Amino acid sequence: MSSRSQQNIDALLKRRYEAGFVTEVEEETVPPGLNEDIIRLISAKKEEPEFLLEWRLKAYRHWLTMREPRWAHVRYEPIDYQAIRYYAAPKQKERPKSLEEVDPKLLETYEKLGIPLREQERLAGVAVDAVFDSVSVATTFKEKLAEHGVIFCSFSEAVREHPDLVEKYLGSVVPYTDNFFAALNSAVFSDGSFVYVPPGVRCPMELSTYFRINAANTGQFERTLIVADEGSYVSYLEGCTAPMRDENQLHAAVVELVALKGAEIKYSTVQNWYPGDEEGRGGIYNFVTKRGLCAEDAKISWTQVETGSAITWKYPSVILEGDNSVGEFYSVALTNNRQQADTGTKMVHIGKNTRSTIISKGISAGRGQNAYRGLVRVAKSAEGARNYTQCDSLLIGDRCGAHTFPYIEVRNRTAQVEHEATTSKISEDQLFYLMQRGLSAEDAVSMIVNGFCKEVFKELPMEFAVEAQKLLGVSLEGAVG
Amino acid sequence: MLLEIRNLHVSVEGKPILRGIDLAVDAGEVHAIMGPNGSGKSTLANVLAGREGYEVTEGEVLYKGRNLLEMAPEERAREGVFLAFQYPVEIPGVSNVYLLKAAVNAVRKHRGLPELDAMDFLKLVKEKIRLVRMDEQFLYRSVNEGFSGGEKKRNEVLQMTVLEPTLAILDETDSGLDIDALRIVSEGVNSLRSPERAFLVVTHYQRLLDYIVPDKVHVLAGGRIVRSGDRTLALELEKRGYGWVLEEAGLGAGAGPAA
Ligand SMILES: Nc1ncnc2c1ncn2[C@@H]1O[C@H](COP(=O)(O)OP(=O)(O)OP(=O)(O)O)[C@@H](O)[C@H]1O
Ligand SMILES: [Mg+2]
């Protein structure tokens, strides 16, 4: 690549992280370190029922027997789990009963991030749960949703108000024994969102949660549980940001989706945690377990746009247990500067005539490392199962890397499994072509990259697709227009 | 003078390709550039459009009285320089109409005009696409992806008619066109001809010049313009080939790239 386009690329790679500010609020935290007392303290602060504390403690004891996984294609210094604070929450006298009682600084924070929480200012069709460090600060449109029987609230509130539902489904898709980070999360999880859609109800608006890490030296361990009862439908979106800091921060979330018979859950993520600076200082370690369980005729669709975090380790998966159930995974993962991502999915076919689609678009720029890791498993019972996987990598510059690790295990002869993979580079010819039509180098790169991601963006709800395109443009600043 | 090229020398990877080009193009004119394969025609077109990888070792280029060579490629485009590529590239996932809109608005922004909204823009594009007789479906297909050779060329002309450049450089836009397409493309070009606008038309075939009648014809060989004339020069070349021109210029017959 000639020197000028290298310069263009370098300039574009100097990204600007717009969500990097810190909100000055007094926070209530627990001392750093992890032990049973801390867990009891967190549970007590949340006024949790006994079953939950017991569950947390079991998870913690199990976690002590586990080792941090090392198989992912990422490198980082060992994490000192005793140096992390496991709880931080903005100080409030009492639990705010309405938005008027929420600290204006917090509302301002979300406003600055483009997420106004006052309902009249919101996009009419979207309800939001705003999670600030370890707690949910507000959930909008609750009453309107309640009219349809839809429960949308913070996880803590669900524990208080709907303990039976929580007890029934918590850990039913991701047991605390699942993996190291899931076990850790189960022991110390703070807040997150809870959704329940009753049988036959089509949720009348998009639901979304906006996660914000603010406090320093704390981890965020949110837990989200979505239950779509028989024949229901819900579309849910999560977004995330964090301030710019030189230290790494741990984010180990668990998301469980339950789609009962004939239900459909569409789960979209736009992940923009602070990615660290050009030298790789700071940034979020994003170790996430996301999994959905499909009953008969159910469908779960994951769409993710991952542009942030220093390290991303996540594999939103679907267990296709019921006959004729459908799993989808659409992913755009972008790594720039020193970011590393090891992401993909697992599609586990158990029921008959189950189908899955995987479309993964990895973009590597700067010194970014991007790995797709995907498992397609067809059990003996999965007569007539079908999978289609397409896995494309785009390289920008020549110091980055793209890696593909597809695992395919087929135990039923009637199954059809297809896998396609490509790797390409943004060519100087393409850049010049667009610049000759009047586009700046930056716009040219982002147009090419957006074109590359089109199949995934078209799966996002409209407003968020626009958001994602913009975000990709910003994340590529200095990389390719 | 709209475009003035003076003693332009250009090297690629240390190898001299253009070796002293002089060319003056006035607004309202059409200049045809002919010449053997490898003689430097595309090189000249690319240098004018600002492609990287070309080293100007001597000479200068003035466009609207400004030093063209100092302008970034996108700035040249916004100032009205348009290159219809010899080999248009494919851009997967980016629809033709999306690119056109971005291009039109980049130019408008540069000129201090408000962006066209979706409705006005579509109206404009649909008018132009009728002019080059392309199916509207092409608007929604990815840029050049899966287009036939001729369709790609026609698409370049569509972009040109939408962008209405001041200086249009057509690099073998006629190659690969069927007989009808050649006429349609020529009509597209002719519809743009105006006293403010100039064309540099690179071609191997006199045929095109029956439709797009040039004011001047130049023969580029060995990195220089070795002969200029009116349209009869093209007719003569068609009949006699390049040999005699090259000989008179002191270049061996068939000499393409600089010896
Ligand atoms: N990047 C490059 N590296 C090396 N040589 C090059 C490069 N680009 C062009 N050249 C050489 O420069 C010379 C002129 O090429 P150019 O494409 O300008 O010719 P042309 O007149 O357009 O030919 P044609 O009629 O075949 O299109 C050729 O010998 C070509 O091989
Ligand atoms: Mg050429």
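Nothing here was measured: the structure is a model prediction, and the numbers come from that model.
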- Here the gap from A:Tyr433 atom OH to B:Asn144 atom CG, rounded to the nearest 0.5 Å, amounts to 4.5 Å

- Query: Quick one: what part of B:Leu163 sits under 4.5 Å from any heavy atom of chain A, side chain, backbone, both or neither?
  - Reply: side chain

- Query: Could you go step by step and tell me if B:Arg51 and A:Asp429 meet the side-chain contact (heavy atoms from CB on, under 4.5 Å) rule?
  - Reply: CA-CA 9 Å; B:Arg51 194 188 195 106; A:Asp429 284 350; 2.2 Å; yes

- Message: side-chain contact (heavy atoms from CB on, under 4.5 Å) for B:Glu90 and A:Ser427? Distances and angles first, verdict last.
- Response: CA-CA 10 Å; B:Glu90 303 188 354; A:Ser427 74; over 6 Å; no

- Message: Would you say CZ of A:Arg355 has more than 12 non-hydrogen atoms from neighbouring residues, nucleotides or ligands within 6.0 angstrom?
- Response: no

- Query: At a heavy-atom separation under 4.5 Å, does B:Val81 approach chain A through its side chain, its backbone, both, or neither?
  - Reply: both

- Task: Would you indicate whether B:Phe147, at its atom CZ, is surrounded by more than 12 heavy atoms from other residues, nucleotides or ligands within a distance under 6.0 Å?
- Result: yes

- Task: Please name all residues satisfying salt bridge (charged side-chain N to carboxylate O under 4.0 Å, His left out) with A:Lys314, sequence neighbours left out, ordered by chain then number.
- Result: A:Glu306

- Query: Would A:Phe432 and B:Asn46 satisfy side-chain contact (heavy atoms from CB on, under 4.5 Å), going step by step from the backbone distance to the final call?
  - Reply: CA-CA 10 Å; A:Phe432 179 60; B:Asn46 283 324; 4.1 Å; yes

- Message: In the structure I gave you, are the side-chain heavy atoms of B:Val94 and A:Ile448 within less than 4.5 Å of one another anywhere?
- Response: no

- So, do B:Pro92 and A:Glu455 sit near enough that their side-chain heavy atoms are less than 4.5 Å apart? no

- Message: For the backbone of B:Leu83 and the side chain of A:Gln436, can you confirm whether one donor and one acceptor N or O come within less than 3.5 Å of each other?
- Response: yes

- Heavy atoms of other groups near A:Arg386 CZ, more than 12 under 6.0 Å: no

- Message: Quick check on B:Pro165 against chain A: is it the side chain, the backbone, both or neither that has a heavy atom closer than 4.5 Å?
- Response: neither

- Rounded to the nearest 0.5 Å, what's the gap from CE on B:Met160 to CZ on A:Arg437? Could you check? 10.0 Å

- Message: Testing the basics here: between B:Ala106 and A:Gly438, what is the closest heavy-atom pair and its distance to 0.1 Å?
- Response: CB-O, 3.3 Å

- Residues of residues 114-132 of chain B contacting chain A, heavy-atom criterion under 4.5 Å, by residue number: none

